[in-house]
Structure formats: structure tokens, C-alpha cells
Asks: 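Would you mind keeping the following structure in view while I ask a few things?
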Amino acid sequence: MSEPAAPRLWLARHARPLVDEGICYGRLDVAADAVASRAAAQALVAAHPLRWAAIRHSPLQRCELLAHDLQALQPDWLSKSDTRLAELDFGSWEGRPWSGIARADIDAWAADFCEHRPGQGESLAQMLARVDAAWQDARQSALQHGGDVLWITHAGVVRCLRWLMDHGAARQPLSHEWTAPAPAYGAWTVMPLTAEPGK
């Protein structure tokens with residue numbers, strides 16, 4: 001008899017947000033393209049017809065829309081909102097063009113990439129800590145209930161999780177190391193859920 005498949009974490013990114021190019025919109029609660037969100041939901045349902053151990057989504061409306069679209073297609077795909085899956089909070093930078101943010105402020109962030117709070121918002125260290133806590137909960141859900149876990153989230157959260165998987169929580173990234181890819185809008189990536197961090 002074959003061993004059951006190891007649980008995985010599916011990281012689905014919201015559809016394209018309705019915001020102008022070049023705008024800082026980390027925690028800014030912008031809507032997503034409704035047609036693109038429905039198409040993403042259809043593709044995800046086709047890719048994963050099995051039950052989930054847990055489904056969680058960022059509370060920002062661009063992720064809530066995808067969660068609702070998935071449930072419309074699969075009524076038993078109940079998702080719970082989780083603030084730990086939100087994008088980085090850029091504070092006073094939110095909604096501003098990146099080109100309008102002072103070069104000195106950008107440089108200060110790059111110089112202390114993990115601890116600096118851009119726009120007096122949230123530091124990357126704070127974001128890594130909350131994503132790590134959500135990851136530990138996802139691991140527990142998979143172990144207790146069996147099956148994969150789905151997060152409906154943002155590019156920054158995916159990058160945080162990649163860093164944690166590759167390096168663990170103890171090592172802080174420098175700005176030039178923050179290069180991990182993230183899924184395109186409406187796409188997803190799949191990672192092993194029970195792998196030890198930093199291995």
C-alpha cells in the first residue's frame with residue numbers, strides 16, 4: 001500500500017488589482033479585476049479537485065474576492081480571513097506613486113531592509129514573524145486533518161515564506177537578497193508544507 005502524499009501549501013495570488021501602474025499599494029485595500037478573479041478560481045478548482053485541510057485568505061478585498069469566487073464554484077471550500085496573510089503595510093507611502101517617495105526614504109529602507117518601517121508602517125521583520133506563525137498553524141492543520149492547505153494571498157507573503165523555508169526565521173534578509181519569485185496575478189505556486197525550515 002502506497003504512502004499518502006506529503007501535504008503541500010498552495011499559495012494563490014489575487015487577480016490583477018484595479019490600481020494604476022507605479023502606485024505603492026501594499027496594504028491599500030484595492031479591488032481586483034472581477035473577470036480575472038473568476039478565471040483564476042476556475043483554474044484553481046480544476047487544478048485541485050480534492051478537499052483541503054484548511055483555506056485561509058488575506059482580509060484585503062482583492063483576496064476576499066478570489067475566496068468568494070472559489071466558494072461559488074465549490075461551496076465546501078470555506079475560507080477564513082487571516083490578517084497574517086496580508087501584504088506589507090507601507091504606512092504613509094500607501095497610495096502614493098513610487099516615483100514620488102523621496103530617494104532618501106527609499107535608501108533608508110534599503111540600508112536597514114528588515115527592521116526599517118517604510119512610511120512608518122510595518123517592518124519586514126514584523127511581516128516575516130506573522131507569516132512564520134501562519135505557516136506553523138498551516139503545518140498543524142495538515143498534520144491534524146490531512147490534505148493540503150490553501151492560502152489566498154499576496155506576492156510579499158509568498159516571498160516571506162520562500163525566505164523562511166530556505167533560511168529559517170533566525171536569519172534576516174538584506175535588500176539585495178530579496179529576489180525570490182512570486183506567482184503572477186491569479187496564479188499560484190505549491191510548496192512542501194512539512195519541510196523543516198532552512199533545509
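Just the heavy atoms: all of them, side chains too, but no hydrogens, waters or symmetry mates, feed the values below.
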Asks: Has the side chain of W188 got a donor or acceptor atom that lies under 3.5 Å from a matching backbone atom of A40?
Replies: no
Asks: For the hydrophobic clusters of this structure (ILVMFWY residues joined by side-chain heavy atoms under 4.5 Å, transitively), does one cluster hold both L78 and L150?
Replies: no
Asks: Can you check whether D33's main-chain N or O pairs, donor with acceptor, with S37's side chain at less than 3.5 Å?
Replies: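 No, the answer is negative, given that no donor and acceptor are paired below the 3.5 Å cut-off.
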Asks: Does one hydrophobic cluster hold both L66 and L9, with members joined at side-chain heavy-atom distances below 4.5 Å?
Replies: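 Different hydrophobic clusters.
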Asks: Would you indicate whether the side-chain heavy atoms of L128 and P173 approach each other to under 4.5 Å?
Replies: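 Counting from C-beta outward, P173 and L128 do come under 4.5 Å.
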Asks: For residues S81 and S58, report the shortest heavy-atom separation together with the two atoms involved.
Replies: OG-C, 4.4 Å
Asks: Any side-chain heavy atom of L143 sitting closer than 4.5 Å to one from P7?
Replies: no
Asks: Y185 ring centre to R13 NZ or CZ under 6.0 Å, with the angle to the axis within 45°?
Replies: yes
Asks: Flag the pair R84 / M127 as yes when at least one side-chain heavy-atom distance between them is below 4.5 Å, and no otherwise.
Replies: no
Asks: Under 6.0 Å between ring centres: does that hold for W93 and W109?
Replies: yes
Asks: At their closest point, which heavy atom of P17 faces which heavy atom of R62, and how far apart are they?
Replies: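 Closest approach of P17 to R62, heavy atoms only: CB-CD, 4.2 Å.
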Asks: Looking at R8 and D148, is any side-chain nitrogen of the basic one under 4.0 Å from a carboxylate oxygen of the acidic one?
Replies: yes
Asks: Considering all heavy atoms of both residues, which atom of C114 and which atom of S123 are nearest to each other, and what is their separation?
Replies: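 Heavy atoms only, the tightest pair is O-CB, 3.4 Å.
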Asks: What's the spacing between Q140 CD and W135 CH2 if we round to 0.5 Å?
Replies: 12.5 Å
Asks: I need the minimum non-hydrogen distance between V158 and T153, along with the two atoms involved.
Replies: CG2-CG2, 4.3 Å
Asks: Got a donor-acceptor contact below 3.5 angstrom from the E122 side chain to the L88 backbone?
Replies: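 Side chain of E122 to backbone of L88: no pair is present.
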Asks: Without swapping roles, check the side chain of R130 against the backbone of A134 for a donor-acceptor pair under 3.5 Å.
Replies: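 No, the answer is negative, given that no donor and acceptor are paired below the 3.5 Å cut-off.
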Asks: Quick check: closest heavy atoms across P59 and A86, and the distance to 0.1 Å?
Replies: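 Closest heavy-atom pair between P59 and A86: CD-CB, 4.3 Å.
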Asks: Tell me whether R159 contacts the main-chain N or O of A180 through its side chain, where contact means a donor paired with an acceptor under 3.5 Å.
Replies: yes
Asks: Could you list the residues that satisfy ring pair (Phe, Tyr, Trp, His ring centres under 6.0 Å) with Y25, not counting sequence neighbours?
Replies: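 In terms of ring pair (Phe, Tyr, Trp, His ring centres under 6.0 Å), with neighbours along the sequence ignored, Y25 is linked to no residue.
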Asks: Counting the benzene-type ring for Trp, do W151 and H57 have ring centres under 6.0 Å apart?
Replies: no
Asks: Shared ILVMFWY cluster between I152 and L11, side chains joined below 4.5 angstrom?
Replies: no
Asks: Any carboxylate oxygen within less than 4.0 angstrom of a Lys/Arg side-chain nitrogen, looking at D166 and R162?
Replies: no
Asks: Would you say the side-chain atoms of R27 pair up with the backbone N or O of E87, donor to acceptor, closer than 3.5 Å?
Replies: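 At least one qualifying donor-acceptor pair exists.
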Asks: Is it possible for you to say whether V157 and L161 belong to one hydrophobic cluster, with membership spreading through side-chain heavy-atom contacts below 4.5 Å?
Replies: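 Yes, same cluster.
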Asks: Once you round to the nearest 0.5 Å, how far does NE2 of H48 lie from CD of Q74?
Replies: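 If I round to the nearest 0.5 Å, the distance is 11.0 Å.
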Asks: Hey, is the main chain of L174 close enough, under 3.5 Å, to the side chain of E177 for a donor-acceptor pair?
Replies: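 The answer is yes, because a donor-acceptor pair under 3.5 Å joins these two groups.
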Asks: Under a 4.0 Å N-O cut-off, is there an ion pair linking R117 with D89?
Replies: no
Asks: Nearest 0.5 angstrom please: H14 NE2 to L60 CG, how far?
Replies: 8.0 Å
Asks: With the side chain counted from C-beta on, respond yes when W10 and T189 share a heavy-atom pair under 4.5 Å apart, and no when they do not.
Replies: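 Side chain of W10 against side chain of T189, heavy atoms only: no contact under 4.5 Å found.
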Asks: In Å, rounded to the nearest 0.5 Å, how long is the span from CG of L124 to SG of C160?
Replies: 5.0 Å
Asks: So, is the end of the R96 side chain (NZ or CZ) under 6.0 Å from the ring centre of W98 and within 45° of the ring's axis?
Replies: no
Asks: What distance separates H68 NE2 from S79 OG, expressed to the nearest 0.5 Å?
Replies: 8.0 Å
Asks: Using the side chain to side chain donor-acceptor pair (under 3.5 Å) criterion, which residues pair with D76? Sequence neighbours excluded.
Replies: none
Asks: Is the W77-W52 ring centre distance short of 6.0 angstrom?
Replies: yes
Asks: Less than 4.5 Å apart, side chain to side chain, heavy atoms only: is that true for C63 and H154?
Replies: yes
Asks: Could you check whether any side-chain N or O of E94 sits under 3.5 Å from a backbone N or O of L28, counting only pairs where one atom can act as donor and the other as acceptor?
Replies: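 Side chain of E94 to backbone of L28: a pair is present.
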Asks: Roughly how far apart are I106 CD1 and S99 OG, rounded to 0.5 Å?
Replies: 10.0 Å
Asks: Before giving the answer on side chain to side chain contact (heavy atoms under 4.5 Å, CB included), spell out for V30 and I23 the whole-Å C-alpha distance, their side-chain angles and the decisive distance to 0.1 Å.
Replies: CA-CA 11 Å; V30 296; I23 296 296; over 6 Å; no
Asks: Quick check on the hydrophobic clustering: are L73 and L44 connected, directly or via other members, by side-chain heavy-atom contacts under 4.5 Å?
Replies: yes
Asks: Provide the closest heavy-atom pair for V149 versus A138 in the form atom of the first, atom of the second, distance.
Replies: CG2-O, 3.7 Å
